[in-house]
Amino acid sequence: MKARDIMTKNPETATPGTTVADVARMMRDLDVGIVPVVNGDKLLGVITDRDITIRFTAEGLDPAGTSVDAFVSPNPVVVSPNDSVEKVRELMADKQIRRVLVTEGDNLVGVISIGDVAIKGKSNDTEVGEALQDISEPTDLSRN
């Protein structure tokens with residue numbers, strides 16, 4: 001099974017000029033914690049609920065008057081549509097992340113969440129549990 005088989009195609013995105021308030025509403029309405037930021041189809045980075053909380057709200061900035069361009073996390077973890085689901089799972093476990101973006105070249109084509117890997121990428125309840133456990137294990141802070 002490949003990444004393209006389990007990814008959410010054509011995810012909702014923001015542009016660098018989208019306001020933080022609009023991205024927060026998008027996250028609420030879609031029940032997601034990450035929004036890719038693109039220029040056309042070209043992936044520039046992501047903004048996460050954590051970015052909004054830690055990097056924006058904690059600074060007391062105006063969400064309606066501030067665009068996300070200054071808060072974009074560049075260089076998100078990406079995979080190719082042809083990468084195996086096992087590779088996606090291993091990346092999530094190694095990086096301790098719950099989402100990866102799927103790109104073709106620089107263009108965003110999809111998003112894969114931990115739930116996609118656990119439910120769509122596994123064939124039985126035992127494998128689902130193992131996938132979630134691997135991804136959710138605490139990070140060993142002594143690793144580099």
- Check the pair L101, V77 against side chain to side chain contact (heavy atoms under 4.5 Å, CB included), reporting the backbone distance first and the verdict last. CA-CA 6 Å; L101 302 181; V77 175; over 6 Å; no

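- Residue pairs meeting the side chain to side chain donor-acceptor pair (under 3.5 Å) criterion with at least one partner in residues 3-13, sequence neighbours excluded, are R4-N82.
- Criterion: ILVMFWY side-chain heavy atoms under 4.5 Å apart, direct or through other members. Under it, I47 and V32 are part of a common hydrophobic cluster.
- Atom-to-atom distance recorded for I97:CD1 and L91:CG is 6.5 Å, nearest 0.5 angstrom.
- V38 and V68 end up in different hydrophobic clusters when Ile, Leu, Val, Met, Phe, Trp and Tyr side chains are linked at under 4.5 Å.
- With hydrophobic clusters built from ILVMFWY side chains whose heavy atoms lie under 4.5 angstrom apart, V100 shares a cluster with V85.
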Under 3.5 Å, which donor-acceptor pairs link side chains of residues 20-30 to any protein atom two or more places apart or in another chain?
{"from": "D22", "atom 1": "OD1", "to": "R25", "atom 2": "NH2", "distance (Å)": "2.5"}
{"from": "D22", "atom 1": "OD2", "to": "T19", "atom 2": "OG1", "distance (Å)": "3.2"}

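- Distance check: M7 CE to D116 CG gives 10.5 Å after rounding to the nearest 0.5 Å.
- Scanning for side chain to side chain contact (heavy atoms under 4.5 Å, CB included) contacts around D41 gives N107, with sequence neighbours left out.
- The two residues P16 and S67 come nearest to each other via the heavy atoms O-CB, 3.3 Å.
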- Task: Would you check, one step at a time, whether the test side chain to side chain contact (heavy atoms under 4.5 Å, CB included) holds for T15 with V37?
- Result: CA-CA 5 Å; T15 64; V37 179; 5.7 Å; no

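- For residues 71-83, the pairs satisfying salt bridge (Lys or Arg N to Asp or Glu O under 4.0 Å) are D83-K87, with sequence neighbours left out.
- Atoms CG and CG, on D69 and N39 in that order, are 11.5 Å from each other to the nearest 0.5 Å.
- The two residues G110 and P11 have their closest heavy-atom pair at CA-CD, 3.9 Å.
- The OG atom of S84 lies 6.5 Å from the NZ atom of K2; values are rounded to the nearest 0.5 Å.
- A continuous path of hydrophobic side-chain contacts links V102 to M92 [ILVMFWY only; heavy atoms under 4.5 Å].
- Taking both residues in full, the closest heavy atoms of G33 and R99 are given as CA-NH2, 3.6 Å, listed atom of the first, atom of the second, then distance.
- Taking OG1 of T57 as the start and CG of D49 as the end, the distance is 10.5 Å to the nearest 0.5 Å.
- Note that CZ of F71 and OG1 of T66 are 6.0 Å apart. Values are rounded to the nearest 0.5 Å.
- Residues satisfying the side chain to side chain contact (heavy atoms under 4.5 Å, CB included) criterion with E90, sequence neighbours excluded, are E86.
- Residues satisfying the side chain to side chain contact (heavy atoms under 4.5 Å, CB included) test with T48, not counting sequence neighbours, are I34, V46, R50, D51.
- For the pair R98 and S113, the minimum side-chain heavy-atom distance is 4.5 Å or more.
- Follow the hydrophobic side-chain contacts under 4.5 Å out from L43 and you reach V111 in the same cluster.
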